[in-house]
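The basis for the numbers below is simple: all heavy atoms, side chains too, and nothing from hydrogens, waters or symmetry mates. So that the names make sense, note that chain A is the first sequence line, chain B the second, and so on, each numbered from 1. This one's a predicted model, so the numbers in the text were calculated from it and none came from an experiment.
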There are 2 protein chains.
Amino acid sequence: MNIGEVSRASGLPAKTIRYYEDIGLVTPQRAANGYRTFRDSDLHKLSFLGRARSLGFSIEDCRTLLALYEDRGRASADVKLVAQKHLAGIEQKIAELQQMHATLSHLVHACAGDNRPDCPILADLAAPATAKA
Amino acid sequence: MNIGEVSRASGLPAKTIRYYEDIGLVTPQRAANGYRTFRDSDLHKLSFLGRARSLGFSIEDCRTLLALYEDRGRASADVKLVAQKHLAGIEQKIAELQQMHATLSHLVHACAGDNRPDCPILADLAAPATAKA
DNA sequence: ATAGATGTTCCAGTCACTGGAAGGTCAAGG
DNA sequence: CCTTGACCTTCCAGTGACTGGAACATCTAT
């Protein structure tokens, strides 16, 4: 398979696939004309990567997960640990975003949004330490 | 005030303050020795920026908000629009993260986490389109 | 005089791509 | 045989918002 075909099959942009080769996540073979030639196993890896990335795993996590996937003697505990750490990171990000959301939605609600200059949003940004509402 | 003092007062790292000068968000004066000299208004701006950034506004949003803040003839509607767009972005990110969280926590839960190789997490990553649970 | 804290600039790296330029290769149609 | 268009190649630069570090100047206190 050429890169266009694996791109369609994996859902990953060709640019991304080349990048993954660059950083050593896949190692397609080369045809005589210089074109990359992907085996089924390469496509499989790329799909794995696409799915792991879509769950928010970092590239380094993906590298680890891929290595574990290919290690038939792995301990599932190792996989679980990677996933749990990532899960904790996600939870933290959600909490941060929810905090922002609470503050911002409160401010947006309080803002008239008309043609007058008075604006509680700007007032809040300008006066951080002040108690509000 | 020198950069160290405004750094302590604003809570922003000196590096960040220099960066903000680089991109034109603040324009401190210079003393004869080449040191940056910050006025109260500069510190005020930096605090504003720090707070806006902590609410997740992009640098470009911050630039807009700062301009609106300093425009006494602004319409609060303009401010509100910026905030609402940002709020929508936050809501989308939260939704994405919650989707990831749901999938991942399900998988983590299903994984024994022992020294055997069988692992539903890897199984899921390897078989994306398959129904699970 | 000197030590240590503070300041300066500039360059490079982060993360995971993404865009674009400049050019080689291939299959189909005239 | 030639051209057109789709596909492929490499390489360089940019994204966002800093952050780290090197190499050097300046200030403050002893």
Side-chain angles (χ1 to χ4, degrees), chain A residues 1-38 42-43 45-46 48-66 85-86 89-90 92-93 96-97 100, chain B residues 1-38 42-43 45-46 48-66 82 85-86 89-90 93 96-97 100:
Chain A
M1 287 181 282
N2 282 348
I3 201 166
E5 200 178 343
V6 271
S7 173
R8 279 184 295 275
S10 68
L12 296 171
K15 278 265 181 189
T16 299
I17 296 172
R18 290 195 194 98
Y19 171 68
Y20 285 175
E21 183 188 11
D22 248 31
I23 62 175
L25 286 179
V26 276
T27 47
Q29 294 176 310
R30 294 289 179 142
N33 59 11
Y35 287 18
R36 288 168 183 81
T37 301
F38 296 83
D42 293 318
L43 172 55
K45 269 195 198 182
L46 288 168
F48 183 103
L49 288 168
R51 182 132 175 92
R53 291 287 301 130
S54 81
L55 285 179
F57 284 105
S58 73
I59 288 287
E60 282 318 299
D61 278 352
C62 287
R63 201 188 294 277
T64 304
L65 290 171
L66 207 47
K85 278 189 186 167
H86 180 43
I90 287 175
Q92 198 188 326
K93 270 186 207 150
E96 286 167 8
L97 286 170
M100 288 179 193
Chain B
M1 287 182 281
N2 282 349
I3 201 166
E5 200 176 344
V6 271
S7 172
R8 279 183 295 275
S10 68
L12 296 171
K15 279 265 180 190
T16 299
I17 296 172
R18 292 196 193 98
Y19 171 68
Y20 286 175
E21 183 189 10
D22 247 32
I23 62 174
L25 285 179
V26 277
T27 47
Q29 294 175 312
R30 293 289 178 140
N33 59 9
Y35 286 19
R36 289 169 183 80
T37 302
F38 296 83
D42 292 319
L43 172 54
K45 268 194 198 181
L46 288 168
F48 183 102
L49 288 168
R51 183 129 173 94
R53 290 286 302 130
S54 81
L55 285 179
F57 284 105
S58 71
I59 287 286
E60 282 318 300
D61 278 351
C62 288
R63 200 188 296 278
T64 304
L65 290 171
L66 207 47
V82 172
K85 278 188 184 168
H86 180 43
I90 287 175
K93 269 184 209 151
E96 286 167 9
L97 286 171
M100 286 180 194

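Between B:Arg30 and C:dT9 there is a side-chain N or O to OP1 or OP2 distance below 4.0 Å. Taking only side-chain nitrogens and oxygens, B:Arg36 comes nearer than 4.0 Å to OP1 or OP2 of C:dT8. Within the structure, every side-chain polar atom (N or O) of B:Arg18 is placed at least 4.0 Å from both OP1 and OP2 of D:dC18.
Listed here is the closest heavy atom pair of B:Thr37 and B:Arg30: OG1-C, 4.1 Å. In plain terms, the two heavy atoms of A:Leu55 and A:His86 that are nearest each other are O-NE2, 2.8 Å. Of all heavy-atom pairs spanning A:Ser58 and A:Arg53, the tightest one is CA-NH1, 3.9 Å. Nearest heavy-atom pair, B:Cys62 versus B:Leu49, reported as atom, atom and distance to 0.1 Å: CB-CD2, 3.7 Å.
Nearer the 5' end of DNA chain D, as judged by each residue's closest nucleotide, is the contact made by A:Glu5, out of A:Glu5 and B:Glu60. Along DNA chain D, the nucleotide closest to B:Asn33 and the one closest to B:Thr16 are compared, and the more 5′ of them pairs with B:Thr16.
Here the CG-CD1 distance, from B:Leu25 to B:Ile59, works out to 5.5 Å after rounding to the nearest 0.5 Å.
Minimum atom distance to the side chain of A:Ile3 is reached by D:dT9, of the listed D:dT9, C:dG20, C:dC17. Candidate nucleotides C:dT8, C:dC10, D:dA17 were compared by shortest atom distance to the side chain of B:Ile59, and D:dA17 ranks first.
For the pair B:Ser7 (side chain) and B:Ile3 (backbone), a donor-acceptor distance under 3.5 Å is absent.
To the nearest angstrom, P of D:dC27 lies 19 Å from CE of B:Met1. Atom pair B:Asn2:CG and C:dT8:P shows a separation of 7 Å (rounding to whole Å applied). Spacing between atom OH of A:Tyr19 and atom P of D:dC12 amounts to 17 Å, rounded to whole angstrom units. Straight-line distance from the NZ atom of B:Lys15 to the C1' atom of D:dA22: 10 Å, rounded to whole Å. A:Ile17 has its CD1 atom 13 Å from the C1' atom of C:dC17, to the nearest Å. What separates CG of A:Leu12 from C1' of C:dC17 is a distance of 11 Å, to the nearest Å. Atom C1' of nucleotide D:dG16 and atom CG of B:Leu49 are separated by 15 Å, given to the nearest angstrom. Between the CZ atom of B:Phe38 and the P atom of C:dT8 there is a distance of 7 Å, given to the nearest Å.
The pair B:Arg63-B:Glu60 counts as a salt bridge, with a side-chain nitrogen and a carboxylate oxygen less than 4.0 angstrom apart.
Across all strands, B:Phe57 comes closer than 4.0 Å to no nucleic acid atom at all (heavy-atom distances).
End-to-end axis angle of the helix from C:dA1-D:dT30 to C:dG30-D:dC1, from C1' rotation axes over five pairs per end: 30° (rounded to 10 degrees).
Counting distance only, with no hydrogens placed and no angle test, the side-chain atoms of A:Tyr35 and the base atoms of C:dG24 include a donor-acceptor pair under 3.5 Å.
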